Number of protein chains: 2
Amino acid sequence: MSPVTLLASGGHEAVPHILLGLAVILLAAKAGGEVFERLSLPAVLGELVVGILLGNLGLAGVHTFDFLRAEETFVVLAEIGVVLLLFEVGLESSVKEMMAVGAPSLLVAVVGVVAPSLLGFGVSMFFHPEGSVYVHLFVGTILCATSVGITARVLQDLNGLQRRESKIILGAAVIDDVLGLVVLATVTGMIRAADSGGTLQVGEVAAIVGKAAGFLVVSVIVGLWLSPRMFRVATHLRSRGMLLAVSLAFCFALSYAAHVVGLAPIVGAFTAGLILEEVHYRSLATKENVELHHVLKPLTAMLVPVFFVLMGLKVDLRVFADPSVLGFAAVLTAVAILGKQACSLAIREKGLDRVLIGFGMIPRGEVGLIFAGIGATLVLAGEAVVSPPIFSAAVIMVMVTTLVTPSLLKRRLARSGVVRT
Amino acid sequence: MSPVTLLASGGHEAVPHILLGLAVILLAAKAGGEVFERLSLPAVLGELVVGILLGNLGLAGVHTFDFLRAEETFVVLAEIGVVLLLFEVGLESSVKEMMAVGAPSLLVAVVGVVAPSLLGFGVSMFFHPEGSVYVHLFVGTILCATSVGITARVLQDLNGLQRRESKIILGAAVIDDVLGLVVLATVTGMIRAADSGGTLQVGEVAAIVGKAAGFLVVSVIVGLWLSPRMFRVATHLRSRGMLLAVSLAFCFALSYAAHVVGLAPIVGAFTAGLILEEVHYRSLATKENVELHHVLKPLTAMLVPVFFVLMGLKVDLRVFADPSVLGFAAVLTAVAILGKQACSLAIREKGLDRVLIGFGMIPRGEVGLIFAGIGATLVLAGEAVVSPPIFSAAVIMVMVTTLVTPSLLKRRLARSGVVRT
């Protein structure tokens with residue numbers, strides 16, 4: 001039997017091929033990451049490019065890796081990986097921090113969400129006039145989230161993390177994550193409602209926004225009460241490995257709760273990370289002599305590459321044979337970059353390099369990919385909201401925005417005299 | 001939609017319920033482990049008992065946890081967990097060590113595999129005269145492997161690890177693992193051949209044994225050549241997380257290779273662990289400042305409880321309403337214990353406590369469960385080789401053999417004056 005036939009039987013029989021797939025994905029991801037690192041480019045883009053290559057080997061008549069796309073389990077493993085990734089992102093921020101970043105970060109985040117969304121909506125409408133309004137809304141959503149990891153890394157490398165601009169960017173990125181997830185939840189809710197028939201009333205949209213915001217507020221309040229108590233109990237138990245087990249269970253349970261109220265599981269995972277404070281689990285971590293991020297790292301190290309490679313696999317290079325798809329990708333990328341420049345207009349403080357802030361907000365990274373991936377699984381009137389050409393254009397946008405940021409930031413910092421290149 | 005309906009659609013849609021299931025499994029496993037630890041019993045048995053409870057709540061009209069049994073993904077996650085577990089077991093042993101334990105350990109291991117297998121075969125034939133010879137063979141196989149973890153733990157607690165008996169037991173356990181896997185491979189191969197029709201010739205059986213032994217020998221030789229080179233290349237790369245990625249890929253690839261030659265993936269995983277020596281990856285581990293067992297631990301901590309809880313879920317307590325099943329479980333357990341006492345007969349050295357060695361070889365632990373689980377997935381003439389009553393009896397056998405060992409060892413050591421209780 002061919003791997004693909006075997007896989008169709010699912011479960012136990014598919015395990016050997018899943019193990020082979022994991023070996024291939026891990027080695028391919030590392031190979032791609034290595035090449036990109038040596039070119040001074042972000043390693044995650046290397047993992048994505050390797051996925052694109054593996055996925056399009058079929059064009060050259062090589063179908064060896066087609067089973068990676070046929071197996072549903074990789075989708076599940078990739079999503080568990082993304083849930084854990086968002087949990088890690090949430091752990092790096094805290095509710096207190098979010099409250100403290102103040103007005104400039106909030107303004108930058110809001111403008112940085114609104115402007116690219118509107119531009120994305122317009123571009124989608126222009127290139128796909130026949131498409132539904134929900135498709136345009138979703139394209140706007142893909143553009144709204146900033147992945148600040150790349151920016152933070154570049155600023156750190158150039159010793160720019162102490163600048164006030166950097167602090168505003170990092171603060172805005174946290175708020176931006178929350179706003180992005182609320183927008184995602186709202187648009188997804190609207191699409192689900194539209195798909196089950198009936199026009200959408202303003203009241204219903206408000207209800208969806210309210211539910212998303214309500215989930216965040218309620219889970220933060222309940223979670224901040226529950227979390228220290230949960231870890232206090234766990235500290236008094238004799239079982240080993242409680243820190244990892246309790247943290248994972250908390251993250252997974254909140255991801256499920258998010259799903260129950262109609263939100264994406266990643267919203268719950270991010271919230272779980274936001275709620276957990278080191279002070280809650282410090283005594284448990286000390287007792288077990290481990291750090292939470294150290295025990296989470298191997299899990300994301302095994303599962304997150306599955307996500308990036310799988311997203312690459314979904315890119316069908318043949319769609320770019322149509323010049324209008326290439327044009328769409330180019331314009332989408334342009335407005336993704338321009339849209340975030342509106343952030344600089346939100347800043348009124350004297351002496352700040354507003355352009356630097358705009359540049360820092362450009363990269364979409366994994367957040368843009370996750371949103372595009374969710375859109376590809378959403379169905380409206382029997383069709384995927386994010387069609388293969390839109391998905392492929394979104395991947396291009398994610399790659400370009402992530403690639404241009406380091407050199408833009410370096411030039412800008414060099415101009416303002418912090419570094420000399 | 002109910003969780004079970006949703007799960008049937010598979011992939012992306014099932015993810016939230018898989019996350020909920022993982023949260024339930026992790027918390028339930030820890031709760032069960034905690035109760036057992038407080039009773040000074042092995043924590044893994046607590047995880048198994050929790051699984052039995054969750055799986056049989058249906059008898060009390062509670063069907064909340066039935067979705068854990070319906071979802072194929074948990075089977076896959078559990079099997080990946082078992083593969084990683086056997087990889088860890090293999091890492092704790094080395095080819096050199098295996099070569100060095102010498103004649104007494106080899107004799108103990110061989111007798112400890114042969115005697116219980118024959119007894120198990122006989123018991124199965126007596127209780128299931130209508131059953132196929134392959135069923136009896138498989139019941140024998142389940143009895144053959146020793147899980148020495150419990151013994152090592154007890155001996156360590158009682159400061160008995162320095163005794164010559166302990167060294168013979170630990171040495172025999174490693175050889176026992178290898179022999180058990182060869183027996184499993186052989187019996188599985190015979191069942192597959194029988195299921196695809198035709199009677200089995202002696203030559204074919206020899207070919208299956210040869211293939212299993214050949215796989216071990218060839219992969220050890222090739223692996224010992226490849227492994228240091230593989231890590232030397234990885235040490236010179238810039239990517240981070242290479243130690244985990246390369247080790248996992250090696251383990252998964254060898255698991256797949258085992259499947260290709262008709263063996264269980266765990267045989268490949270164990271062999272991969274046996275091959276990898278710390279000296280091969282020391283410089284990479286030093287460069288990344290991590291230890292291989294530290295980065296593997298979180299993966300097994302998340303996935304192995306899925307296996308134990310799932311095995312518990314498969315135990316249908318209703319089968320014990322039939323007195324003959326209870327009788328079968330009791331006699332199977334008795335011969336599992338008695339069979340390993342034959343090990344003491346293999347020892348001729350003067351001054352050794354031969355009974356202690358026999359006691360030390362009793363526990364079946366996770367290895368017996370893994371073998372029973374594999375038997376439950378094997379099909380012969382349209383029926384599972386290990387039927388639900390046999391599976392449930394095997395779980396009882398695993399639990400009792402694991403439970404009685406600590407107190408037997410303590411009493412024996414107390415008698416010979418090492419500890420006073």
Side-chain angles (χ1 to χ4, degrees), chain A residues 10-27 29-31 33-34 37-38 43 46 72-73 75-77 79-80 83 234 237-242 244-246 248-253 255-256 258-260 265 268-269 290 294-299 301-302 305 377, chain B residues 10-27 29-31 33-34 37-38 43 46 72-73 75-77 79-80 83 234 237-242 244-246 248-253 255-256 258-260 265 268-269 290 294-299 301-302 305 377:
Chain A
H12 171 75
E13 286 293 308
V15 170
H17 294 95
I18 291 166
L19 295 172
L20 176 66
L22 284 174
V24 169
I25 288 173
L26 283 170
L27 291 183
K30 282 296 164 199
E34 179 70 20
E37 284 215 357
R38 290 193 176 240
E72 288 280 6
T73 305
V75 176
V76 174
L77 292 177
E79 293 211 22
I80 298 177
V83 160
L237 299 181
R238 293 194 198 166
S239 302
R240 282 154 297 174
M242 289 305 292
L244 182 66
V246 171
L248 286 180
F250 186 67
C251 162
F252 291 156
S255 304
Y256 178 73
H259 165 80
V260 168
V290 288
H294 282 166
V295 287
L296 283 175
K297 193 85 207 116
L299 296 174
M302 179 167 99
T377 65
Chain B
H12 172 75
E13 286 294 306
V15 170
H17 295 95
I18 291 166
L19 295 172
L20 176 68
L22 284 175
V24 169
I25 288 173
L26 283 171
L27 291 182
K30 283 294 166 201
E34 179 71 19
E37 283 215 0
R38 291 197 173 237
E72 288 280 5
T73 304
V75 175
V76 175
L77 293 178
E79 294 212 20
I80 298 177
V83 160
L237 299 181
R238 293 194 196 164
S239 302
R240 281 156 296 177
M242 289 304 292
L244 182 67
V246 171
L248 287 179
F250 187 66
C251 162
F252 292 157
S255 304
Y256 178 74
H259 165 80
V260 168
V290 289
H294 282 166
V295 286
L296 283 175
K297 192 88 208 116
L299 296 174
M302 179 167 102
T377 65

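Convention: sequence-line order gives letters A, B, ...; per-chain numbering from 1. Treat the numbers as computed from the prediction; the structure is a model and nothing was measured.
Proximity to chain A (any heavy atom under 4.5 Å) is shown, for B/L237, by both the backbone and the side chain. Residue contact with chain A, scored on non-hydrogen atoms closer than 4.5 Å, involves the side chain of B/V83 exclusively. Interface residue B/L77: only side-chain heavy atoms are found under 4.5 Å from chain A.
Chain A forms the most heavy-atom pairs under 4.5 Å with one residue out of B/R238, B/E37, B/M242, B/K297, and that residue is B/R238. Between chain B and the options A/S239, A/A301, A/A253, the largest number of non-hydrogen pairs under 4.5 Å is found for A/S239.
We find the CD1-CG distance between B/I25 and A/L248 to be 12.5 Å, quoted to the nearest 0.5 Å.
By the 4.5 Å heavy-atom criterion applied to side chains, B/V76 and A/V76 are not counted as neighbours.
In plain terms, the two heavy atoms of A/L299 and B/P298 that are nearest each other are CD2-O, 3.7 Å. Heavy atoms only, all atoms of each residue included: B/F252 and A/L19 are closest at CB-O, 3.3 Å. Minimum heavy-atom separation, B/A23 to A/A249: CB-O, 3.7 Å. For the pair A/G241 and B/K30, the tightest heavy-atom approach, listed with the atom from each and the gap, is O-CE, 3.8 Å. Nearest heavy atom pair, residue A/A245 against residue B/L26, reads O-CD1, 4.2 Å.
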